[in-house]
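Everything quoted here is computed from the prediction, not taken from an experiment. All heavy atoms count here, side chains included; hydrogens, waters and symmetry mates do not. For ligands, and for the atoms within them, numbers begin at 1 and follow the listed sequence.
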Amino acid sequence: MGIVKQPFEYYVVLDFEATCDRGKAPVPQEIIEFPSVLLSGDTFEILDEFRSFVQPRFNRLLTPFCTELTGITQDQVDQAPLFPEVLDDHIAWLRGRGLGVRSRDEGSDFAYITCGDWDLQKMFRTQCRVCQPPIGRIPEAFERWVNIKKHFAASFGLKKTSGMSGMLRRLKLELTGRHHCGIDDCRNIAKIVRCLAGRGVELSTTNQPPGGPGGL
Ligand code: AMP
Ligand code: MG
Ligand code: MG
């Protein structure tokens with residue numbers, strides 16, 4: 001039982017990995033790993049996980065830098081589905097667990113948790129724009145999220161946010177698995193989330209949906 005009643009029944013930690021190179025990102029940058037971890041908004045235990053690699057369409061060859069950073073191999077992305085199929089699989093996974101992604105869907109309320117705003121502010125939108133056919137209507141669930149860096153900074157009274165490894169260090173939690181492997185990043189972020197929830201932090205969303213409060 002959590003010590004504060006959280007605003008959502010469930011949370012889904014999400015951490016994309018994308019095509020990259022030393023210094024500058026390829027254009028367009030494309031998602032190559034779509035991992036997420038489902039957390040109870042009460043106990044913050046991991047209830048389930050979703051993971052798929054994603055085949056890029058524009059920069060089909062991963063750079064050696066990218067494989068070294070993320071651990072993702074050329075073979076893994078070559079054999080993976082394209083983004084629209086992976087997004088459908090992810091949504092089907094959520095629905096299979098009783099979570100709805102569109103406001104008209106039946107299902108329990110949940111919010112995504114990310115480490116920073118890049119995943120859903122930038123990368124997800126770029127990916128939706130460049131895939132074929134483009135995804136014009138972004139499901140509502142992807143339009144508001146909990147940036148755990150902001151809650152961490154607020155709870156420690158810090159002016160500057162820290163990255164995942166900095167937050168783990170400060171909380172005396174071990175970084176397990178491989179940093180920049182998407183699913184391992186999700187599990188490590190989940191540990192930070194559980195720890196903050198245990199300290200009484202209320203995990204409210206940290207961005208305004210487009211169109212301001214109430215959304216469009
Ligand atoms: P992360 O969630 O921190 O593993 O990063 C997400 C994505 O950002 C990675 O898959 C890369 O595309 C990019 N990225 C992260 N760190 C770096 C880096 N040091 N240099 C270049 N790109 C990076
Ligand atoms: Mg990340
Ligand atoms: Mg990552």
For the residue pair F110 and Y112, does the interplanar ring angle fall in the parallel (under 30°), tilted (30 to 60°) or perpendicular (over 60°) class? perpendicular
One residue to check: L69. Relative to ligand 1, which of side chain, backbone, both or neither has a non-hydrogen atom less than 4.0 Å away? side chain
In terms of ring plane angle, is the pair F83 and F124 parallel, tilted or perpendicular, where the classes change at 30° and 60°? perpendicular
Using a 4.0 Å heavy-atom cut-off, which part of D119 comes near ligand 1: side chain, backbone, both, or neither? neither
Quick test: of every protein heavy atom, which one is nearest to atom 9 (C) of ligand 1, and how far off is it to 0.1 Å? E17 OE1, 3.2 Å
Check whether the side chains of W93 and D48 place a donor and an acceptor atom closer than 3.5 Å, and report yes or no. yes
Can a donor-acceptor pair be found between the side chains of Q55 and R60 at a distance below 3.5 Å? yes
Look at the rings of Y11 and F8 and say which category their plane angle falls in: under 30° parallel, 30 to 60° tilted, over 60° perpendicular. perpendicular
Could you check atom 4 (O) of ligand 1 against the protein and tell me its nearest heavy-atom contact, residue, atom and distance included? H180 ND1, 2.6 Å
From atom 18 (C) of ligand 1, work out which of F16, F65, W118 has a heavy atom at the shortest distance. F65
Hey, what's the ring geometry for H90 with F50, parallel, tilted or perpendicular (30° and 60° as the breaks)? perpendicular
Would you call I32 a ligand 1 contact, heavy-atom distance under 4.0 Å? no
Report the part of E33 in contact with ligand 1, treating N, CA, C, O as backbone and CB onward as side chain, heavy atoms under 4.0 Å; options are side chain, backbone, both, neither. neither
Are any of the N/O atoms on D15, whether in the backbone or the side chain, positioned under 3.5 angstrom from an N/O atom of ligand 1? yes
Between atom CG of D119 and atom CG of N147, what is the distance when rounded to the nearest 0.5 Å? 9.0 Å
Would you kindly say whether S103 and E140 are connected by a side-chain donor-acceptor distance under 3.5 Å? yes
Is it the case that more than 12 heavy atoms not belonging to E68 sit under 6.0 Å from its CD atom? no
Residue, atom name and distance, where the atom is the protein heavy atom closest to atom 12 (O) of ligand 1: A18 O, 2.8 Å
Hey, which atoms in ligand 1 end up nearer than 4.0 Å to a heavy atom of C20? 11 (C), 12 (O), 22 (N)
E106 atom CD, neighbour heavy-atom count above 12 within 6.0 Å: no
Protein N/O/S atoms closer than 2.8 Å to the Mg ion (ligand 3), ordered by chain and number, come to D15 OD2, E17 OE2, D185 OD2
